[in-house]
Amino acid sequence: MRFHADNSTLGEKMECIKVKALLSSKESIGSVCVKGWIKTRRDAKTFSFIEINDGSCLENIQVIADTNMENYETIKKLTTGSAVSVRGEMAPSPGKEQAWEIHAKKMDVFNTAPEDYPLQKKRHSDEFLRTISHLRPRTNKYGAAFRIRSELSFAIHQFFHERGFTYIHTPIITGSDCEGAGELFQVTALNLENPPKNNGHIDYSCDFFGKPANLTVSGQLEAELLALALGDVYTFGPTFRAEDSNTSRHMAEFWMVEPEMTFCDLKGDMDNAEAFIKYVTQYIVSHCGSDLSLFARFVDKTLMPTLENIITTEFIRIPYKEAVDILSGVKDRFDYPVDFGSDLQTEHERFLAETHFKQPLMVYGYPKSIKPFYMRVNDDDQTVAAMDVIVPRIGEIIGGSQREERLDILEQRMTETGINLSDYWWYLDSRKYGSVYHSGYGVGFERLMMMLTGISNIRDVIPFPRTPGNIEF
RNA sequence: UCCCCAGUAGCUCAGCAGGCAGAGCAGGUGGCUGUUAACCACCGCGUCCGUGGUUCGAAUCCGCGCUGGGGAGCCA
């Protein structure tokens, strides 16, 4: 949609320009029109400095409004947060902080923000801003985060597109509790106040799908089916976990990227995962420099070196057993013991990434006893072809594996882990008809955002976070 | 779900060996200035999270609850 300013008083046609385009201009465009929200106003004797932001970039455009303007008295009372339209001449700014400014000829007010507008010209705590999630996108920090979120989404699609992957859509509503992992959100059209019953139990044959249904916890199983037809595929969509998790790294609703590659072993899986992380990091560094600089300045002083390190350094790859050996050699540091056969604790992962190697690493070859049924069993019959990518500060950002393509072994593993084979007849069919070796992984999109921005709470990298007890907005 | 910490003005926070509730910012008024989270002066601002209790007296001490944060588990 194109916006045209009402030029009745100026008698000329003028198209609205985004602040980003205006500020990046090499020379004056002359007469311009800008629409946005007032960030701050400073009054001089015969004029006001008004900074306007339209969300197109972090920076504001400074507008000079002087007493000659017909509605100067109104302009002088404009508050932070008010929505305005400005027309005037683009001119070089004598000030140090900006190259361009607008000498206003006309300023129209769409709507003023009363004095109780919660966002002030000062730093607010993330906790407070979370209580006003409907307004926080207007702050510098959250505006920058959500622009980066958009660019990151684009970079992800571009990475896979360049490599010939097919973007697929897997269902949000599923009939199977995939992987038996975590608590599920049930989806129902039944009247919960008075559900139909049969022998004292809820009669799901009367429900919408004729059986219980849930929100997906992963698109992986369906992605495998598409991969076994289209080659390399990926999904990128919302995922739901009803876990009562209260941490800075978990949400009930989050976005996940899940590539699945045929004729690909664990090494190929790790190669792709490393290339993926490096690619999107490089993309954000090259395309979001201005927004990123805010995080480097105010959120994480070490952000830029950290990102450079991710881009340029080859990720360490060590077998799980070696990781256990390293951790076992560390005395008097961990609350939880390290021993072969149990999963690495968060403190262990962070020690490896932050203290021992000081860079991203991949741990592979976990004991099969702690991993799901679909991971390929290694020849030792003790470990599976699983891998985790661990980065400093965040911990696990990617979890993946080569999938078990041998029907008999897969069935055995499912039986061992208590999964009803008949519910997964369609998944097993993929191993019956033309089964091939294949691999994939899952990336937590929000954790990737945390890594790229230095934001330490996952609730601050998504506009409206869903966590236990929080469904406002 | 478990462990720890916190809740005081619109916001950020001080006050807490129990004795009239404070500052900065924001807001208002005036001044000054091509200013940069502008500056100077003055003005107003409170269910001290809720609820029981101890006490002559509780923001301050104790119990319970609610909310938020940090850590853990689960994982992305």
Side-chain angles (χ1 to χ4, degrees), chain A residues 39-51 59-66 77 79-81 91-98 101 103 113-132 139-140 179-183 217-220 236-258 273 298 334-336 342-350 370-372 388-391 394-400 441-451 456-462 467-470 472:
Chain A
K39 269 297 173 70
T40 174
R41 196 194 77 240
R42 294 178 292 273
D43 295 325
K45 186 152 197 156
T46 58
F47 56 91
S48 285
F49 296 104
I50 302 168
E51 291 194 33
E59 293 77 19
N60 309 319
I61 181 72
Q62 174 166 282
V63 174
I64 315 297
D66 65 33
K77 286 196 164 54
T79 49
T80 300
S93 175
K96 289 174 187 156
E97 307 285 321
Q98 61 280 320
E101 61 188 24
H103 294 170
E115 65 184 44
D116 60 356
Y117 182 59
L119 296 173
Q120 296 162 22
K121 295 186 284 185
K122 56 171 276 192
R123 200 185 169 282
H124 292 281
S125 69
D126 292 326
E127 293 77 24
F128 169 67
L129 291 170
R130 228 168 275 152
T131 68
I132 51 168
T139 65
N140 291 340
E179 312 168 31
E183 297 294 315
V217 293
S218 166
Q220 182 198 313
F236 181 13
T239 307
F240 309 87
R241 308 265 165 100
E243 289 289 341
D244 191 11
S245 296
N246 290 287
T247 81
S248 53
R249 305 185 307 282
H250 293 86
M251 289 188 294
E253 176 183 304
F254 63 99
W255 287 65
M256 194 152 62
V257 182
E258 295 178 286
F298 300 116
F334 302 126
D335 295 330
Y336 293 87
S342 58
D343 212 353
L344 299 181
Q345 301 289 320
T346 298
E347 62 174 350
H348 303 144
E349 293 179 345
R350 292 190 59 168
I370 57 171
K371 289 295 182 184
D388 285 351
V389 179
I390 300 163
V391 296
I394 318 294
E396 185 184 339
I397 197 165
I398 287 179
Y441 58 88
V443 191
F445 180 71
E446 280 77 17
R447 289 189 181 175
L448 200 53
M449 277 291 296
M450 294 169 75
M451 184 191 86
S456 56
N457 194 314
I458 200 165
R459 291 159 208 167
D460 299 331
V461 297
I462 191 168
T467 54
N470 285 301
E472 198 71 55

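Heavy atoms only: backbone and side chains are in, while hydrogens, waters and symmetry mates are out. Quick caveat: nothing in here was measured; it's all calculated off a predicted structure. A note on names: the letters A, B, ... follow the listed sequences, proteins ahead of strands, and every chain is numbered from 1.
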Proximity of A:Y336 and A:H348 rings by center, below 6.0 Å: no
Residues that A:D335 engages under side-chain hydrogen bond (donor to acceptor under 3.5 Å, both in side chains), provided they are two or more places apart: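 A:D335 satisfies side-chain hydrogen bond (donor to acceptor under 3.5 Å, both in side chains) with no other residue.
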Test side-chain hydrogen bond (donor to acceptor under 3.5 Å, both in side chains) applied to A:E59 - qualifying residues, sequence neighbours left out: A:S290
Any A:S245 side-chain N or O less than 4.0 Å from OP1/OP2 of B:C75: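 Answer is no, no contact under 4.0 Å.
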side-chain N/O A:T80 vs B:A26 OP1/OP2, d < 4.0 Å: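 Looking at the OP1 and OP2 atoms of B:A26, neither is under 4.0 Å from any side-chain N or O of A:T80.
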Sidechain N-carboxylate O distance under 4.0 Å for A:E51, A:R42: yes
Tell me the interatomic distance from [X], atom [atom1], to [N], atom [atom2], rounded to whole angstroms.
| X | N | atom1 | atom2 | answer |
| --- | --- | --- | --- | --- |
| A:R447 | B:C74 | CZ | C1' | 10 Å |
| A:F128 | B:A9 | CZ | C1' | 13 Å |
| A:E258 | B:C75 | CD | P | 15 Å |
| A:R241 | B:C74 | CZ | C1' | 9 Å |
| A:I462 | B:A76 | CD1 | C1' | 12 Å |
| A:F254 | B:C74 | CZ | P | 15 Å |
| A:L344 | B:G73 | CG | P | 11 Å |
| A:E349 | B:G71 | CD | P | 15 Å |

Return the set of residues passing side chain to side chain contact (heavy atoms under 4.5 Å, CB included) with [X] (not counting sequence neighbours), or none when no residue passes.
| X | result |
| --- | --- |
| A:F298 | A:L294 |
| A:S248 | A:N457 |
| A:P468 | A:D244, A:N246 |
| A:T346 | A:R249, A:R350 |

Contacts of type salt bridge (Lys or Arg N to Asp or Glu O under 4.0 Å), residue A:R41, not counting sequence neighbours: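 In terms of salt bridge (Lys or Arg N to Asp or Glu O under 4.0 Å), with neighbours along the sequence ignored, A:R41 is linked to A:D43.
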Whole-Å P distance, B:C61 and B:C16: 10 Å
Whole-angstrom distance between B:G69 and B:G27, as gauged at atom P: 28 Å
Side-chain donor/acceptor of A:H250 to base of B:C75, under 3.5 Å: yes
Nucleotide of B:A76, B:C11, B:A72 approaching A:I458 most closely (side-chain heavy atoms): B:A76
Any base atoms under 4.0 Å from [X], or only sugar-phosphate, or nothing? Heavy atoms, all strands.
| X | value |
| --- | --- |
| A:Y336 | sugar-phosphate |
| A:L448 | nothing |
| A:S248 | sugar-phosphate |

Mate of B:G19 where both pairing distances stay under 3.5 Å, Watson-Crick or G-U: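 The base-pairing partner of B:G19, which may sit in any strand shown, is B:C56.
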Side-chain donor or acceptor of A:H103 paired with backbone N/O of A:D66 under 3.5 Å: no
A:D244 vs A:D388, nearer the 5' end of RNA chain B by closest nucleotide: A:D244
Contact letters for nucleotides 31-40 of chain B, in which S counts primed atoms plus P, OP1 and OP2 and B counts the base, heavy atoms under 4.0 Å: -SBBBBBB--
Listing time: all N or O pairs from protein to nucleotides 67-69 of chain B that are below 3.5 Å?
unit_1	atom_1	unit_2	atom_2	d
B:G68	OP1	A:N470	OD1	3.4
B:G69	OP1	A:R130	NH1	2.3
B:G69	OP1	A:R459	NH1	3.0
B:G69	OP2	A:R459	NH1	3.1

